[in-house]
Amino acid sequence: MRIVKALKYGATWQKDWNARVTHIIVDRGMNYNQVTAFLKLQVLPNNMIMVGEGYPADCIAYRMLVDPTQQRYQVAGYIKPAVPFAVDPAAREVAPSASSFSLQLKQARRAGTRREPQTPSRTEEAASTPPTLETVRRAPRSENHAWERTGDLIQQDSDELDAAIRQAKELQHLPLEFHKQDEDSRPSSPAGDEEDDEVEHVSKKAKMPPNPAWQDRFQCMQKHTSSDSLTNPNAATIAVLQEMCDHYAAMRDEWRSTAYRRAIASLCKENTVRVVTKEDAQKLPFVGERLAEKIEEIAFTNRLRCLDNARLEPNDHVLQTFLKIHGVGFAQASRWVSQGYRSLEDLLAKANLSENQKVGIARFDDFNARMPRAEVEEHAAVVRDVLHRIDATFQIHIMGSYRRGAESSADIDLIITRPSTSISQIRTVIIDTVVPKLFNSGFLKATLAATSRANGTKWHGASCLPTSKTWRRIDFLLVPESELGAAMIYFTGNDIFNRSMRLLASKKGMRLNQRGLYKDVMRGDGRPCSRGEKLTEGTPVAGSDEKKIFEALGVPWRPPHHRIC
DNA sequence: GCCCATTGTCC
DNA sequence: GGACAG
DNA sequence: GGGC
């Protein structure tokens with residue numbers, strides 16, 4: 001990552017030891033002797049600049065070549081050559097012969113995100129002492145170079161280097177290693193968390209008052225709408241955190257991204273006062289020390305330095321495109337990228353694709369488009385017509401974002417059920433009759449995941465209205481009456497709300513899935529309610545009625561449009 | 001140092 | 001059994 | 001990244 005970044009700002013990267021080399025950037029953890037041994041040198045040539053790994057980052061931050069002789073860039077074991085030559089003005093030019101190669105720091109290409117150079121994004125310590133070239137004192141560049149004296153050009157060990165490059169490329173989607181030092185450099189302050197202690201006490205004593213405090217931090221306990229966004233005094237902070245969240249999501253750092261999402265949710269709830277200090281921020285659930293510092297930084301400076309850095313990350317548009325193909329996840333997308341495929345056309349021509357992926361590519365634009373509510377209803381009506389022509393007691397419920405009240409939806413989620421009818425009977429009708437009929441009428445266009453005859457409950461595919469040519473993703477969930485409530489919770493979502501409900505259930509020794517709520521679940525690690533593989537399925541508590549499931553879980557009822565987390 | 005939801009289907 | 005989806 |  002550091003190499004890629006430095007290249008973007010105008011550095012050149014020499015893969016062998018040659019006359020163009022001006023700086024040697026040494027990884028933290030390596031010392032001077034290791035470097036010279038690796039380069040097969042007795043001693044570093046006087047004209048060579050050897051600095052620690054933080055140097056390029058600082059140069060980028062300050063938009064200049066900072067003084068490489070500063071203490072913070074010193075490599076362990078390196079004794080600065082006793083230079084002080086008579087300071088000849090000409091000699092103060094930076095490496096004249098080399099500068100023409102690489103030493104002009106250039107602007108990053110993405111111009112939109114840049115700002116004034118005098119506010120470098122570093123810690124206070126660094127910011128207060130902008131390094132300056134004026135202090136640089138070095139010997140004039142010698143004519144006979146060290147590598148010439150040592151005889152042969154060094155046969156660079158390109159295997160090792162290649163391995164490092166491959167590794168760097170593989171690591172580039174991962175967390176922002178680059179910013180670690182930024183975040184760690186701040187001394188942590190003792191934070192007041194007495195409130196939290198009390199919360200823990202309650203749960204540890206295993207007393208279960210009607211609504212113990214420890215439950216309050218679950219997403220499903222709070223009502224959330226999309227509406228209360230612009231009135232929140234923390235809206236600006238939330239927006240910045242959201243962008244970080246999106247960034248980590250794009251990097252496929254699931255846990256960091258959900259951490260941000262949870263913190264954002266807490267901040268959304270705090271809609272009366274503006275959270276400014278990190279002490280206050282840390283009192284919010286899901287906000288720890290580091291997020292609290294970030295919130296404070298945003299409140300004071302209206303921006304976040306590590307987000308500025310994140311924006312510079314080369315986001316791989318090819319990867320992002322591949323990820324939008326139905327049936328393609330991060331594993332496959334990165335495999336294709338590393339195989340050199342650069343476009344959907346490449347994939348069609350060269351990659352071997354699963355059937356679903358073929359559909360996903362052929363209907364790439366269709367599946368990535370959203371449809372208005374009215375169209376969702378039309379699709380459901382087509383299915384309902386066919387179903388009712390067979391048996392009018394079948395019921396269809398439109399679920400998903402539609403039920404949550406969204407103005408547009410990415411797909412159509414339908415629950416199909418019928419009173420006093422077993423799941424296998426429902427399945428037979430749907431798979432043997434309804435689906436074939438819908439294919440014949442031209443409504444259904446493709447099957448992406450068909451339910452197995454034995455015990456399946458879902459059917460995924462694509463549908464298209466006669467008045468349109470855009471294929472839509474459509475899902476059927478086949479549900480017996482006795483499980484309708486649980487299925488509705490499951491299929492209404494959103495995903496965060498579901499996970500929160502299920503997590504809460506497991507904390508209470510129960511289990512929630514699309515079939516029902518179960519109690520007395522024993523899990524493998526001996527602790528009945530926290531985690532681990534379950535040993536017993538548990539006994540059913542509720543399933544047919546959404547409200548009863550909420551009730552049994554101790555969650556205040558929330559209509560679908562308040563389940564947006 | 002581990003967990004962070006759970007299940008069905010595809011391959 | 002991992003990847004992917006919902 | 002937070003909670004335990």
Side-chain angles (χ1 to χ4, degrees), chain A residues 175-176 180 183 193 196-197 199-200 203-204 214 217-220 241 244-245 248-249 252-266 281-282 284-294 306 323 325-335 352-357 360 367 399-401 410-415 447-461 473-478 486-487 489-507 510-518 521 523 525 527 530-534 537:
Chain A
L176 301 153
K180 247 190 189 147
E183 296 167 359
D193 44 12
D196 277 345
D197 283 348
V199 167
E200 280 174 32
S203 68
K204 274 173 184 161
W214 64 269
R217 56 178 65 219
F218 283 81
Q219 288 286 312
C220 59
L241 292 180
M244 279 307 286
C245 178
Y248 283 122
R252 281 310 194 260
D253 188 341
E254 304 290 348
W255 296 126
R256 209 167 254 120
S257 124
T258 55
Y260 272 86
R261 199 153 41 161
R262 289 166 165 163
I264 289 166
S266 320
Q282 208 168 346
L284 299 169
F286 300 114
V287 175
E289 188 178 324
R290 286 175 291 183
L291 275 173
E293 285 174 5
K294 290 186 173 71
C306 67
L323 283 170
I325 302 170
H326 183 92
V328 177
F330 185 70
Q332 187 60 61
S334 11
R335 233 174 284 145
N352 50 336
L353 305 164
S354 73
E355 290 307 309
N356 286 1
Q357 289 161 353
F367 287 173
M399 313 302 286
S401 55
D411 61 4
I412 304 132
D413 299 314
L414 301 177
I415 280 183
T447 302
L448 295 168
T451 183
S452 68
R453 270 207 137 52
N455 50 18
T457 56
K458 66 163 74 156
W459 190 93
H460 296 170
R473 285 276 301 100
I474 188 165
D475 298 339
F476 303 144
L477 186 65
L478 315 183
I489 291 177
Y490 160 57
F491 231 31
T492 299
N494 66 2
D495 60 335
I496 301 299
F497 177 79
N498 282 351
R499 291 163 69 164
S500 183
M501 288 281 278
R502 292 170 181 211
L503 181 60
L504 180 59
S506 81
K507 299 276 189 204
M510 296 189 275
R511 178 171 65 111
L512 176 65
N513 61 22
Q514 65 267 47
R515 283 195 276 275
L517 179 66
Y518 303 82
V521 179
R523 289 176 151 89
D525 57 2
R527 284 175 296 180
S530 60
R531 52 180 144 274
E533 198 181 341
K534 61 180 179 298
E537 298 291 291

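Naming convention: chains lettered A, B, ... in sequence-line order (proteins, then strands); numbering from 1 in each chain.
Both N513(A) and S354(A) sit near DNA chain B, but only N513(A) has its closest nucleotide nearer the 5' end.
Nearest to the side chain of R515(A), among dG2(D), dC10(B), dG8(B), sits dG8(B). Closest contact between the side chain of R502(A) and the listed nucleotides dT9(B), dT6(B), dG1(D) involves dT6(B).
Between the NZ atom of K507(A) and the P atom of dC4(B) there is a distance of 8 Å, rounded to whole Å.
Contacts of A333(A) classified as side chain to side chain contact (heavy atoms under 4.5 Å, CB included), with partners at least two apart in sequence or in another chain: L319(A), F322(A), L323(A), V328(A). In this structure, the side chain to side chain contact (heavy atoms under 4.5 Å, CB included) partners of A249(A), at least two apart in sequence or on a different chain, are S257(A). With sequence neighbours excluded, the residues forming a side chain to side chain contact (heavy atoms under 4.5 Å, CB included) with A487(A) are I415(A), L477(A), V479(A), listed by chain and number. The ring pair (Phe, Tyr, Trp, His ring centres under 6.0 Å) test applied to Y490(A) returns no partner, not counting sequence neighbours. Not counting sequence neighbours, the partners of R473(A) by the side chain to side chain contact (heavy atoms under 4.5 Å, CB included) test are H326(A), F367(A), D411(A), L448(A), H460(A), D475(A).
Among the atoms of the strands shown, none is found under 4.0 Å from any heavy atom of E254(A). A450(A) comes within contact range of the sugar-phosphate backbone alone, with a heavy-atom separation under 4.0 Å but no base atom that close. Residue-level contact check: Y490(A) touches the bases, meaning some heavy atom is under 4.0 Å from a base atom. Residue R261(A) is classed as having no contact, given no heavy-atom separation below 4.0 Å to the nucleic acid. Nucleic acid contact for L477(A): none, since no nucleic acid atom lies under 4.0 Å from a heavy atom of the residue. Within 4.0 Å of I325(A), counting heavy atoms only, lie sugar-phosphate atoms of the nucleic acid but no base atom.
Residue R499(A) has no polar side-chain atom (N or O) positioned under 4.0 Å from OP1 or OP2 of dT6(B). Between K294(A) and dG1(D) there is a side-chain polar atom (N or O) within less than 4.0 angstrom of OP1 or OP2.
The span of DNA chain C lying next to chain A, judged by atoms under 4.0 Å from heavy atoms, is bounded 5' to 3' by dA3(C) to dG6(C).
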